[in-house]
Amino acid sequence: MYDYLKRAKELEEDILRDRRHIHRNPEVGDELPETYGYVTERLKEMGYEPRRCARYGILAEVGAGEKTFLLRADMDALPMPEESGLAFSSPYPDRAHTCGHDTHVAMLLGAAKLLKENEAALKGRVRLMFQPNEEGLFGAADMIRDNGLEGVDGAMALHIDATMPLGYLTGDRGYAFASNDFFDIVITGRGGHGARPADAVDPINVMAYVQLGIQSLISREADPAQTNVISITSVEAGGTAYNIIPDKAVMRGTLRTYDEGQRSLLRKRLEELVRTTAAAFRARGEVNYLGDGIPALFCDEKLSDRLRRYADELLGEGYVAAEPFKKVGSEDFAHVCRQVPGGYFFLGAGPDELRGWPYGQHNPRVLHNESVLYKGAAVEAQCAARWLEEAWEEGRRKP
């Protein structure tokens, strides 16, 4: 019987080499020509025939049969600096792999090698999905629109977590990530002299009242039994002069919830609040959402239970946390989980089995312990192969 964990350990140097190359060459959003080229060539070396999907997404398949299980890795970096001190850290001041997507690519390439070596024993197809622009919300949706999920029966994603103890997994059942709607609020007034505010319509004053009103939406209109968050994360108004009232102010933020009813309500009420508050001060206010956003991510209960069992078979009892995770962060794998049953794991990459690092994802100092990456590759291959095996067996039992 093929031992995915043992073989993954033997391939560890290849996995680390892939990780370090991707880490040293970060690309942001859906403009990933270097990453696309590297991953495509690595897959070809393994005997795959990868194809482009959407802008810089990559799909590849291994195996044959009626059922198809998808494994997904996101590939994009973040527009921020790196301060990790790693010898292979980003050479760029404005982009770095501080969310760990470089490790996701490396682990899925490792899983691709494992699955290709064991292709004859697979009871169906495994589709590998290397996805751009997860941080920008639209990468998965773009690949789905380009038929990236055609024929897929189940799916799984895995995310590294520097704050978790080394080698441990945590999964979820039900809602695991919140929805995410990015928005711009534009307040348009009338500029003027700071000494004569009555002659102007001050958008900064309006902005302050809008911010207070947003907090009341959460405390007085959202369901207190639900998790709902609206955060203003950026404000822009005026220039460097002390005596000029600007004619425009812009606020940016994010709306998150697990419930689609609450999401719809708060999107609508935010628009009404901005428009009417601005009008009360003789200004104009509008909310512009960044596309359709992403829904909350729902992990299929039956599939999630199976994935936990497959991981236990590979790693041994006790490495998959008994308690599920639930995060108010967002994940565009939610688009995949809306189309097919999906499951999600976090993999601990702390310094040891007792603790995580003090810096987590999206921090310039984040560190991920590379010694766990071979396990992540093995978990992905194991879960895909075992799911296909059980689906095949269930199909044989049907009359």
Side-chain angles (χ1 to χ4, degrees), residues 4-5 8-9 11-28 32 34-36 38-39 42-43 58 71-78 80 82-90 95-114 128-135 139 156-171 311 315 319 325 327 329 331-333 344-353 356-357 359-383:
Y4 284 109
L5 190 62
K9 181 63 176 176
L11 296 173
E12 186 173 26
E13 287 304 313
D14 290 339
I15 295 171
L16 298 187
R17 184 165 53 251
D18 288 336
R19 185 264 168 135
R20 293 173 185 180
H21 178 90
I22 299 296
H23 191 93
R24 192 183 295 112
N25 297 278
E27 296 175 300
V28 176
L32 311 180
E34 160 69 26
T35 309
Y36 173 88
Y38 182 85
V39 173
R42 288 287 291 120
L43 289 170
I58 305 165
L71 296 172
R72 174 274 211 164
D74 37 13
M75 303 189 292
D76 54 321
L78 281 160
M80 62 182 291
E82 178 176 356
E83 300 172 8
S84 67
L86 293 171
F88 50 89
S89 63
S90 170
R95 58 187 192 267
H97 272 293
T98 53
C99 195
H101 295 184
D102 55 320
T103 69
H104 301 171
V105 175
M107 287 187 287
L108 190 53
L109 284 173
K113 178 69 172 177
L114 297 171
L128 311 172
M129 177 181 181
F130 293 88
Q131 178 209 307
N133 206 25
E134 189 278 327
E135 299 291 352
M156 172 186 146
L158 182 151
H159 202 301
I160 203 85
D161 190 334
T163 66
M164 283 174 51
L166 182 66
Y168 288 89
L169 288 168
T170 180
L315 301 175
Y319 278 94
F325 72 86
K327 295 181 180 288
E331 164 58 91
D332 82 343
F333 189 66
Y344 202 98
F345 279 125
F346 272 96
L347 174 63
D352 53 44
E353 291 190 355
W357 297 105
Y359 303 109
Q361 270 61 296
H362 295 221
N363 187 294
R365 299 182 182 180
V366 67
L367 292 169
H368 294 105
N369 193 328
E370 291 183 325
S371 68
V372 78
L373 299 188
Y374 81 93
K375 290 185 178 180
V379 167
E380 290 180 323
Q382 165 89 356
C383 285

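Since this is a predicted model, take the numbers as computed values, not measurements. Note that the numbering runs from 1 along the sequence shown for the chain. For the numbers below, each heavy atom of this structure counts, side chains included, while hydrogens, waters and symmetry mates do not.
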What distance do [X] atom [atom1] and [Y] atom [atom2] have between them, rounded to the nearest 0.5 Å?
X      : Y      : atom1 : atom2 : value
Asn133 : Met75  : CG    : CE    : 10.5 Å
Asp14  : Glu12  : CG    : CD    : 10.5 Å
Asp76  : Arg95  : CG    : CZ    : 13.0 Å
Met129 : Ile58  : CE    : CD1   : 11.5 Å
Phe345 : Leu158 : CZ    : CG    : 7.5 Å
Glu135 : Asp332 : CD    : CG    : 9.0 Å

Run Ile160 and Val372 through side-chain contact (heavy atoms from CB on, under 4.5 Å) and show every step you take. CA-CA 9 Å; Ile160 203 85; Val372 78; 4.0 Å; yes

Hey, are the side chains of [X] and [Y] touching, using non-hydrogen atoms and a 4.5 Å cut-off?
X      : Y      : answer
Gln361 : Asp161 : yes
Val105 : Tyr38  : no
Lys375 : Tyr168 : no

Please determine, by modelled atom types, if [X] and [Y] share a side-chain donor-acceptor pair under 3.5 angstrom.
X      : Y      : result
His101 : Gln131 : no
Thr35  : Glu27  : yes
His21  : Glu34  : yes
Glu331 : His159 : no

Step by step, would you call Leu32 with Val39 a side-chain contact (heavy atoms from CB on, under 4.5 Å)? CA-CA 11 Å; Leu32 311 180; Val39 173; over 6 Å; no

Least distance between heavy atoms, Val366 atom then Ser84 atom: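 Where Val366 meets Ser84 most closely, the heavy atoms are O-CB, 3.8 Å.
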
Determine yes or no for a side-chain-to-main-chain donor-acceptor pair under 3.5 angstrom, with Thr170 supplying the side chain and Phe346 the backbone.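 No, Thr170 side chain to Phe346 backbone: no donor-acceptor pair under 3.5 Å.
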
Under-4.0 Å salt bridge between Arg42 and Asp18: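 Answer for the salt bridge query: yes.
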
